[in-house]
Amino acid sequence: MTVGDVIATGHQPNLLYPISVTEKIRAADVFIVCDRFQMVRHGWVNRQQLADGTPLVVPYDNRDRYAPIQTVRIADATFRARTKLAKTLELRFGREFAEAFTIELHRPFRRLAALNIALNRILLGRLEIDTAEVRQSDLEAGIGSGPLVTDDRDDMPTISEQLAEMTAEVGANVWLSGPSGRSYLDETPFLDRGLRVEYFGWPADSPNPSAIELLRKGTR
């Protein structure tokens with residue numbers, strides 16, 4: 001990075017971001033919540049895990065499995081799963097620590113993205129990450145809803161065009177991609193706009209649980 005760079009990054013509104021994502025956000029000036037990309041099966045939008053492998057899950061309506069993330073509905077009408085998640089956080093971190101998360105988990109959210117964004121704002125705030133946030137769905141360039149990561153090379157130019165256009169729209173000159181971007185990102189649309197792509201370094205073999213683990217007493 002050079003002096004004067006304005007760095008944008010983005011990620012889907014996953015449940016209680018892992019450490020690699022929160023640190024990528026910390027390294028940026030603008031964070032784009034990618035809520036218009038497609039929900040994918042076996043992804044991390046509705047689940048996360050603690051350092052010991054304990055799962056954190058909010059079930060979603062299977063009818064929405066390929067819908068834009070912002071429209072995906074929570075399938076937890078009785079709040080049973082969300083109550084279980086809240087109790088897990090209380091048992092692991094203490095009731096006082098978990099209280100703010102518990103309040104959000106018991107609010108009547110209907111959409112998964114809205115709940116996750118609320119939880120992640122608490123998480124980022126406690127980690128003292130004050131990167132400016134904007135939702136993809138609020139950007140003119142964020143209208144498309146293709147998958148963010150795909151094995152279909154025909155989808156890649158569309159994704160890269162959208163990311164490049166969003167980077168320009170928020171006034172950034174650098175797009176900070178996660179390591180997986182090396183496998184799908186086409187840098188040409190960025191270069192065509194006078195933008196640069198950098199890749200956030202996170203070792204593939206490093207532990208990557210929810211960043212809530214960084215908030216354990218004595219850690220941060």
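Thr102 has its side chain out of reach of Arg95: every pair of non-hydrogen atoms, C-beta onward, lies at least 4.5 Å apart. Tyr66 has its side chain within reach of Arg41: a pair of non-hydrogen atoms, C-beta onward, lies under 4.5 Å apart. Inter-residue side-chain proximity for Val134 and Phe31 is flagged as unmet; no heavy-atom pair is nearer than 4.5 Å. Residues Leu112 and Ile69 have side chains not in contact (no heavy-atom distance under 4.5 Å, counting atoms from C-beta outward). Using a 4.5 Å cut-off on side-chain heavy atoms (C-beta onward), Val174 and Val197 make no contact. Side-chain atoms of Arg47 and Tyr60, non-hydrogen and from C-beta on, never get closer than 4.5 Å to each other. Counting heavy atoms from C-beta on, the side chains of Glu104 and Ile122 come closer than 4.5 Å. Lys24 is listed as a side-chain neighbour of Leu176, based on a closest heavy-atom distance under 4.5 Å.
Taking the ring centre of Phe79 as origin, the terminal cationic atom of Arg107 falls outside the region bounded by 6.0 Å and 45° from the ring axis. At least one test fails for Arg196 against the ring of Phe190: distance under 6.0 Å to the centre or angle within 45° of the axis.
Here the CD atom belonging to Gln38 is positioned 9.5 Å from the CD1 atom belonging to Ile159, to the nearest 0.5 angstrom. Note that CG of Leu185 is 5.5 Å distant from OG of Ser177, once rounded to the nearest 0.5 Å. Note that CG of Leu89 is 7.0 Å distant from CG of Leu105, once rounded to the nearest 0.5 Å. Taking CG of Leu215 as the start and CG of Leu123 as the end, the distance is 6.0 Å to the nearest 0.5 Å. Once rounded to the nearest 0.5 Å, the distance linking CG of Asp76 with CG of Asp61 reads 12.0 Å. A distance of 8.0 Å separates CG of Asn173 from CD1 of Ile7, quoted to the nearest 0.5 Å.
Within 6.0 Å of CZ in Arg65 there are more than 12 heavy atoms belonging to other residues, nucleotides or ligands.
Heavy-atom minimum distance, Thr71 versus Asp64: O-OD2, 3.9 Å. Residues Ala211 and Ile19 come closest through the heavy atom pair CA-CG1, 3.7 Å. Scanning all heavy atoms of the two residues, the minimum distance from Gly178 to Tyr199 falls at O-CD2, 3.8 Å. Nearest heavy-atom pair, Gln12 versus Tyr17, reported as atom, atom and distance to 0.1 Å: O-OH, 2.9 Å. Heavy atoms only, all atoms of each residue included: Cys34 and Pro13 are closest at O-CD, 3.5 Å. Here the closest heavy-atom approach between residue Ala8 and residue Val170 is recorded as CB-CG2, 4.0 Å.
Every pair passing salt bridge (charged side-chain N to carboxylate O under 4.0 Å, His left out) that includes a residue from residues 83-93 is listed here, sequence neighbours excluded: Asp52-Arg92.
In terms of the side chain to side chain donor-acceptor pair (under 3.5 Å) criterion, residue partners of Thr83 (sequence neighbours excluded) are, by chain and number, His106.
Under a 3.5 Å cut-off, the side chain of Thr131 and the backbone N or O of Ile25 do form a donor-acceptor pair. For the pair Arg26 (side chain) and Val21 (backbone), a donor-acceptor distance under 3.5 Å is absent.
For Asn116 and Asn14, the side-chain atoms include no donor-acceptor pair closer than 3.5 Å.
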Evaluate Phe101 against Leu85 for side chain to side chain contact (heavy atoms under 4.5 Å, CB included), listing each step before the verdict. CA-CA 10 Å; Phe101 297 100; Leu85 197 162; over 6 Å; no
For Ile212 and Leu50, what are the C-alpha separation, side-chain angles and deciding distance, and is it a side chain to side chain contact (heavy atoms under 4.5 Å, CB included)? CA-CA 8 Å; Ile212 202 167; Leu50 299 179; 3.8 Å; yes
Just do the side chain to side chain contact (heavy atoms under 4.5 Å, CB included) check on Arg73 and Arg110 with the steps written out, would you? CA-CA 6 Å; Arg73 293 164 291 184; Arg110 296 184 179 182; 5.8 Å; no
Audit row: Phe200, Thr9, side chain to side chain contact (heavy atoms under 4.5 Å, CB included) steps and yes/no: CA-CA 10 Å; Phe200 184 74; Thr9 193; over 6 Å; no
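A salt bridge links Arg121 and Glu133; the closest N-O separation between the charged side-chain nitrogens and carboxylate oxygens is under 4.0 Å. A salt bridge links Glu161 to Arg193: one of the charged nitrogens lies within less than 4.0 Å of a carboxylate oxygen.
Of the residues listed (Pro209, Pro18, Pro55), the one engaging Gln48 in a side-chain contact (heavy atoms from CB on, under 4.5 Å) is Pro18, and it is the only one. Phe37 pairs in a side-chain contact (heavy atoms from CB on, under 4.5 Å) with only one of the listed residues (His11, Gln70, Gln162), which is Gln162.
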